[in-house]
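Notes for the one structure printed next.
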Amino acid sequence: MSPRNIAPGDSTWNLCPVSKELWTEGFWPGVLWYDYEHTSDPEIREAAEKYTEALEFISEIPAYDHDLGFIIFCSYGNGYRLTGNPEYRDVILATADRLASLYNPAAGTILSWPREVGNFGGHNTIIDNMINLETLFWAAENGGNPEYAAIARSHADTTMKYNFRPDGSSYHVAVYDPESGRHIRSCTHQGYSDSSMWARGQAWGIYGYTMCYRFTHDRKYLDFACRITDAYLSRLPEDMVPYWDFDDPGIPDVSRDASAAAVVASALIELSGYAGGDKGASYLSAAEKMLCSLYENYRGGDSCPAFLLHSTGHRPAGTEIDYSIIYADYYYIEALTRLRGLR
Ligand code: GLY
């Protein structure tokens, strides 16, 4: 069982079975690995290993979904970074093989949701998929198939074209003809509307293109990361934590998404170093303001064991609205760790 969320007013984590139906199982071991990084506590390491190793089966079964990267890189990726355990590396490389099997060369992207091909009317690629490219880039540099870097680049380039609008805001989903690869349409699934900017989707894009620059040093990814960051920052409310979708007409009487703020804060700390100069300084300052706001206004407390309150999971489906959600905590502790690394 793996912690997933806490309902508003509740004081215990709702647990989900570790199964292939979810995408969030890597975040709890990831939180434990960051905790271990800070404390060197052997009990925390033991727990991190236990929750990480429960996920090994994901690398052994056919790919059912693109979120293999989220699951395995947050757990095994952090575990390998901190311990150098070669078995962890092998699991990441095997997962990269699974993930790459979802790549469609005609479309130039990974199929995000095989189960939704019928509903969307084609090969679907969601903006969240940008995060999973980290596993492919990393595998290409660490003994896996070197072709995976080209797959990741193709995915990033195609997503740049079809998951974004000219103003730098993102579409959640792009749909392609699976045979010819022709782009059919771009739309939403978890956002307010096909033309709106879903906050966490934009956050995944900012984080994803920043990470693409880390691996490739290709200036186009840096420029793009800055452009979509500016689209996000220019529309934030005063407390730097977005409403769940920037275009919900019910603002300000709708839920926030602390998870999006945590993802962006973490990404901006990295991006600030690449952008440098005044631009970099302004991104770092924005990230610090986001983290202060999350700490001051959105944190759990004695009655709630999550780091953060007030995230929105899937508002159109009516699920996890104004909840604590495990991925918010993961990106929050990652952001704080990155910030401490700068000091
Ligand atoms: N990857 C799904 C989400 O961000 O909710």
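Order of appearance sets the numbers: ligands from 1, and atoms from 1 within every ligand.
Ring planes of Trp23 and Phe70: perpendicular class, angle over 60° (limits at 30 and 60°). Ring geometry for Trp198 against His172 counts as tilted: the plane angle lies between 30° and 60°, on a 0 to 90° scale.
A donor-acceptor pair is defined here as one N or O able to donate and one able to accept, closer than 3.5 Å; no such pair exists between the side chain of Thr158 and the backbone of Thr109.
The distance criterion of under 3.5 Å between nitrogen or oxygen atoms is not met by Trp198 with respect to ligand 1. Where the criterion is an N or O separation shorter than 3.5 Å, residue side chain and backbone included, Gln190 meets it with respect to ligand 1.
Applying the side chain to side chain donor-acceptor pair (under 3.5 Å) criterion to Asp247, with sequence neighbours excluded, gives Arg235.
Counting the atoms of ligand 1 from 1 in the order shown, those under 4.0 Å from a heavy atom of Arg200 are 3 (C), 4 (O), 5 (O). Every atom of ligand 1 with a heavy atom of Asp128 under 4.0 Å away is listed here by number and element: 1 (N), 2 (C), 3 (C), 4 (O).
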